[in-house]
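One structure is given below, encoded as C-alpha cells.
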Amino acid sequence: MKPWKSILAAAVLALASSTAAMAARTDLVVGVVLEPPHLDPTAGAAAAIDEIVYANVFEGLTRITETGEVAPDLAESWEISEDGKVYTFKLHTGVKFHDGTDFTAEDVKFSLDRARAEDSTNAQKGLFAAIDSVEVVDPATVKVSLKYPEGLFLYNMGVGDAVIVAPESADTNKEKPIGTGPFKFDSWAKGSSVKLSKVEGYWGDPVALDKVEFRIIPDAAAAVPALLSGDVQAFPNAPVGDALPQIEADPRLKVVIGTTEGETLLSMNNKKPPFDKLEVRQAIASAIDRSAVIAGNGTGLGTPIGSHMSPANPAYIDLTGTYPFDVAKAKEYLKAAGLENGFSATLKLPPPPYAREGGQVIASQLRDIGINLEIVPVEWADWLSQVFKEKDFDLTIISHTEANDIDIYSRPGYYFQYENPEFNKVIEELKITNDPAKRNELLGSAQKMLAHDVPAVYLFELPKVGVWDAKLEGMWENAPTQATDLTKVKWVD
Amino acid sequence: MSDQLSITQDSFGSILARAFRSRSFVIGFILTAIVALMAGISFFWTPYDVTKLIVSDRMQPPSAAHWFGTDHFGRDNFSMIMVGARNSIAVALVAVGIGMGLGVPLGCWAAACGGWIDETLMRFNDLVFAFPALLSAVMITAIFGPGAINAIIAIGIFNIPVFARVARGGALSIWPREFILAARASGKGPMLITIEHVLPNIANLLLVQGTIQFALGILAEAGLSYVGLGAQPPMPSWGRMLFDAQTRMVVAPYLALFPGFAIVLTVLGLNLLGDGLSDTLDPKLRRQR
Amino acid sequence: MAAYLVKRLLVGLVTLLAASIVVFSVLEIVPGDPAQLMLGMNATPEAVAALREQLGLDLPLIWRYLSWLGGFFVLDFGRSYTYSVPVSELIAERIVVSLPLAIISLILSTAIAIPVGLFAAARRGKAADAVSMGLSQFGVAVPNFWFALILIYVFAVWLRMVPAGGFPGWSAGLWPALKALILPAIALALPQAAILARVTRQALLEVLGEDYIRTARAKGMPWRYVLWRHALRNAMIPVLTILGLQFAFLLAGTIIIENVFYLPGLGRLIFQAITQRDLIVVEGVVMLLVVAVIVVNLLVDLSYALVDPRLRSRR
C-alpha cells in the first residue's frame, strides 16, 4: 500500500509543478475559525473582523508589521513636536477608496473624529482618548494635537479600530466594507465564507493574489480534513488540536508554530474574599502545574509565562520561577492565610478550548490543596456581563490577546479589581515615556510587581498554530496583532 | 387508541412470569439490568477515579489496564461510561417523572370533565407539543445557561403532553364502562372514581409509555449534552464524551465508539423491555409514538 | 366540514399566538446585553448606551412585542443585533440548507422504510421479518449524531469520498452542494426510517387482517396484487400521519446534525445567535420552527378528518 502511494504522490507532484511553472496560482482559500459578526473594524471588538479585513481591505495611518513594529501606511511620514503633543502626518497622494472616491486628509479627520465622538460605537475608544483635535492642513497633511504626550500613539493609529474610512461608506461598512487596501470586498455568504478580490491600480506595492476566500471552519473535525484534502490552503490559526502530528507528517503542508500576544490567565477577583489575601493567591499559583495545563490543551503547545507579557516582546523577562509548582508550599500559604482546610469557589469558563479544557485540569489540581472549584461554563455574552462588567466571579480563565495591554491592571474598575498605587505610578510614567530603553525598564518593574502580587495566575502564552501549503510564501508566522496580512503572500514552486 | 382494554387484575407475580416468556422482554431486561447495575456500582467503585486528571496518560488506546482507553485528560473511559450511565438514567427518570406527574393528572382531569375544560387542556397540550424538546432546551439554556437540571426540565416539559394524551385517551375508553356507571350511581365523585377505577386500569398503558419515554429521554439527554446544552464537565456524560471525541476522531476513533455503544444498548434494552411489556400486558395494545 | 375547518384553523392561530407570547417573553428575560457584546470588553458605557438606543432596546417591552409580532405578517422578523441585517435575510440564507436537508432525509427515510415494512409484512413471522425488524429495533436506538460521527469517520476521514463538513453553497454547483448534504441526510434519515418501517409493517398487518382483503384473497386475486393494490393503499394513511409528525422531529434533528457537519443552516444559526446573544434571531428561528410544527400538526389533524368523518365531531 505505502510504496505505490508515494510513487503516485511523487507523480502528482511532478505533474503539478510542471504546470505550475507555466503560471503560478493566484487564488487562495484561507481558513478562519470564527465568523465575524460584521466587517467594520471600527465598530466591533471581534478579532474575526480584523482577521479578514486588516491590511487587506482597510488601512490606517500607520500599520503593525509582522514583527510587531509600527510602519508607515497611508501616512508616508510624520513629524512629532518637541513636547510630544502634536503629530503632523504627511499622507500618500493618488490613493482611492474601492468605490472610486479619493482619499484625502478630510477622510482622516472624519475617521478620527467619528471614532472619538460622543455617540461613537468604536470598541476601543480609549485609543483615541488622548486626541484633543484633528486639523486638515492641506489635502495631504493632517495635524493631530494631543491633550498629553502618548507613548503608544503611533502604535494606536495602526490597529484595526483606527483604520481610515470614507464618510460616504462609513455607515455601510458592516455589510459592504469600502477601504483603501489592495483587496476589495466581493461577497459574504453568512456562515460559510467571505470573498475578496484584487484591486486594479492599487496605490502601493501590487499584490500577487487575484482571488481570496476566507472560509469559516470552526473545528478540528472539519479543519483537518479540509487541510489534508487541499480544500483550504492556509489556516493561520488552525484548530487542529490532537491531530497536529498527522498534519506535520504531510509533506505538502507546512506547520509553523508562532507566538501571539495572548496571555492566558487564571484571573482572580482581587477584592472578593478569600482572594483578597495575597497568601491565597500565592497558594493557588503554587498549586498549578503549568506543564499539565498546557498538555491538557489539545496541541500541547504554549509557552509558560510568569507575568503579563508575551515572550516575543523585547521587554519580556522570565518570571515563571516566582511561584514554582509545589503542593507542600501551596498548603503552607493556605495555612498562613488561615484556610488550611481549603474552601470552595466557582470557576467561570468562556467557550474557547483553552478555558474549558484548561479549567478542568486546574480544578483537578486545586482539589489537591483542598480548594473545591465548581466549574461554570459561560457564553461570551455572559462572561462579558457577569465577569467583566459586574465582577460577579471568583476565578475565570481568559486569554488577553491585545498587544501592549499591561496597563489594564491600573485601570480603575477593571475586572481583576487589582489595586496597587506603586504599579499605577509605573504605568503613568510609561504612558508619557518615548525612549525604548526606559520603556523596557518600566515594563520590567511592572511585570515583577504583577508576578509577585499574582492578581491572576499567569499560565501560558497562547500558541499560533499556522498551517499552510508548503508552496505558499509570505504568510505571517507570528501574530503580533490579530490579522491575516495577505499583501505579501504568493505561490512559488 | 384501542377501545377494548382488557381489564387484567392478575397478580404481579403472574404478570412477571408471563413477561419472561417474551423474548423481547428477556433481552431488554438483561440489557437494562446491566446498565442499571453499572450505574449502581459506580456509586461505590469504578476502576479509576474519574475526578482525577492524569494528563500524562492522555489518549491511550484500549489496553488491559484501560479497557476502553483513556480520554484527552487521561481519564479511564470505562469508568467514565459507568458514571455517565448514572447521569443518563437520572435525567431520563426525572424527566419521565415530571411528564407523568403533571401529564397524567391533566389527562385524567380532561377526560373526567370533558367540555370546555377538556378542550382548553388539550389546546394547551398542543401548545407545549409545538416545542420539540430541543427547542425548549435551547430557550431554557438561553436564559439559565446550560446544565443537567435544565436538560431535565426541557425533556420533562416535552413529556407532559405525551402522558396527558395517553392518559386522556385511556381514561376516555374507561369512563363509559359499566363498573364506572355503577360507581357513579353509588355517589362517588369524578376525583374518587379516577383514583379508584380509572388509574388502575390505565396503569398498563402508562407503564409501557413510560418505558418508551425513558428510552427517548436517554436519547434526548445524549443529544443535548452533545451540543453542550446538557450535563456540564467535569460531570461525565455520554453525549459530552461524544462531543469531546469528535475533534479527536482522526487520531483516536475509539473515543467515539464506546459511549455510542452505551447509548445504543441502553435505548435498545428499554425499547425491547417496552415491547415485551406491552405484548404481555395487552397484546392488542399498540405502541404510541 | 367547513365549520370544522374554520374551527381547527382558529385553534391553530390561537396556539400560534400563545406560542409567540411564550417565545417572546421567555427570551426577553435573558441576561446579557447585546449592545455590550457587540462592542466588546473595552467599550465605554456611553458607546453601549448609544447602541442600545440605535437598536431600539430602550423601548417598552409591550411595544417591542407588538412591533415584533406585527412584523411577522410582512415577513419582517426585525434586524439582527450582531449582523445588522434583516433577520428574514439570515433565515432565507439558512433555510436553503435546512429545508433541502430535511426534505432529502424525509424522502430517503420513506424510500427505505416503505419497502422494508412491506417486505417484513409480506413475510410475517419468517426469518426475513425477524431480521429486518431486529435491525429496525436497533436503528431506533441509534442516536443520529453518533451515526453521523461514524459516517464522517468512514466516508470523509478514511475513504475521503465526501467532505467532513461545511457547505460550499448552491452557487458552487448542484453536485458539490448535494455532496455536502449526503452524509447529514443519511444520518438523519436512517433512525427515522427504522421507526417508519415498523409503523408501515404494523399498519399493513392490520389491513391484511381486514375482511375485504380476505375476500379478495378468497376470490383468487394474486397475493402480490392484493398487497400493492389494496393493502398498501389503505395502510398509507397511518404511515402518512407518522410522516407528518416526524417532520417536526426532523426539523429538530437538523439542529443537532447541522452542528455535527458545520452546515450553515437554521440550527447553526440558532446556536450562533444564542452565543452572540442575538435574541431577535433566536426568537425568529424558534418561532419559525414552532410555526412549522403547528402547521404540520394541523394538516395531520385535517387529514384525519378527511379520512374518517366520524372524528370531526369528537376531536
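Each chain gets a letter, A, B and so on, in the order its sequence line appears, and its residues count up from 1. For clarity, every value in this text was computed on a predicted model and none was experimentally measured.
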Part of V260(C) lying under 4.5 Å from any heavy atom of chain B: both

Is there side-chain contact between F147(C) and I186(C), with at least one heavy-atom pair below 4.5 Å? yes

Are the charged groups of D118(B) and R168(B) less than 4.0 angstrom apart, N to O? yes

Can you tell me which residue pairs pass the ring pair (Phe, Tyr, Trp, His ring centres under 6.0 Å) test with a partner in residues 145-172 of chain B, sequence neighbours excluded? F129(B)-F158(B)

Please state whether the side chain, the backbone, both or neither of L242(B) comes within less than 4.5 Å of a heavy atom of chain C. both

Most chain B-contacting option - heavy-atom pairs closer than 4.5 Å, from I255(C), V282(C), V291(C), V290(C): V290(C)

Residue among V227(B), I140(B), V128(B), L224(B) with most heavy-atom pairs under 4.5 Å to chain C: V227(B)

Cut-off 4.5 Å, heavy atoms of chain B, and the answer for I270(C) is side chain

Contact part of I218(B) toward chain C, heavy-atom cut-off under 4.5 Å: side chain, backbone, both or neither? neither

Matching residue for D129(C) among R124(C), R201(C), R198(C) - test: salt bridge (charged side-chain N to carboxylate O under 4.0 Å, His left out): R201(C)

Measure the shortest side-chain to side-chain distance between S88(B) and W238(B) over non-hydrogen atoms and say whether it is less than 4.5 angstrom. yes

Between L149(C) and Y226(B), is there a side-chain heavy-atom distance shorter than 4.5 Å? yes

If one checks every heavy atom of A215(B) against chain C at 4.5 Å, the contacting part turns out to be neither

Portion of V23(C) that has a non-hydrogen atom of chain B nearer than 4.5 angstrom: both

Report which part of L134(B) has an atom under 4.5 Å of a heavy atom belonging to chain C: side chain, backbone, both, or neither. side chain

Using heavy-atom distances under 4.5 Å, tell me whether F261(B) contacts chain C through its side chain, its backbone, both, or neither. both

Chain B contact via Y153(C) - side chain, backbone, both or neither, heavy atoms under 4.5 Å: both

Could you check if a side-chain atom of N259(C) sits within less than 4.5 angstrom of a side-chain atom of F145(C), using non-hydrogen atoms only? no

Which residues pass the salt bridge (Lys or Arg N to Asp or Glu O under 4.0 Å) test with R240(B), not counting sequence neighbours? D244(B)

Part of F271(C) lying under 4.5 Å from any heavy atom of chain B: side chain

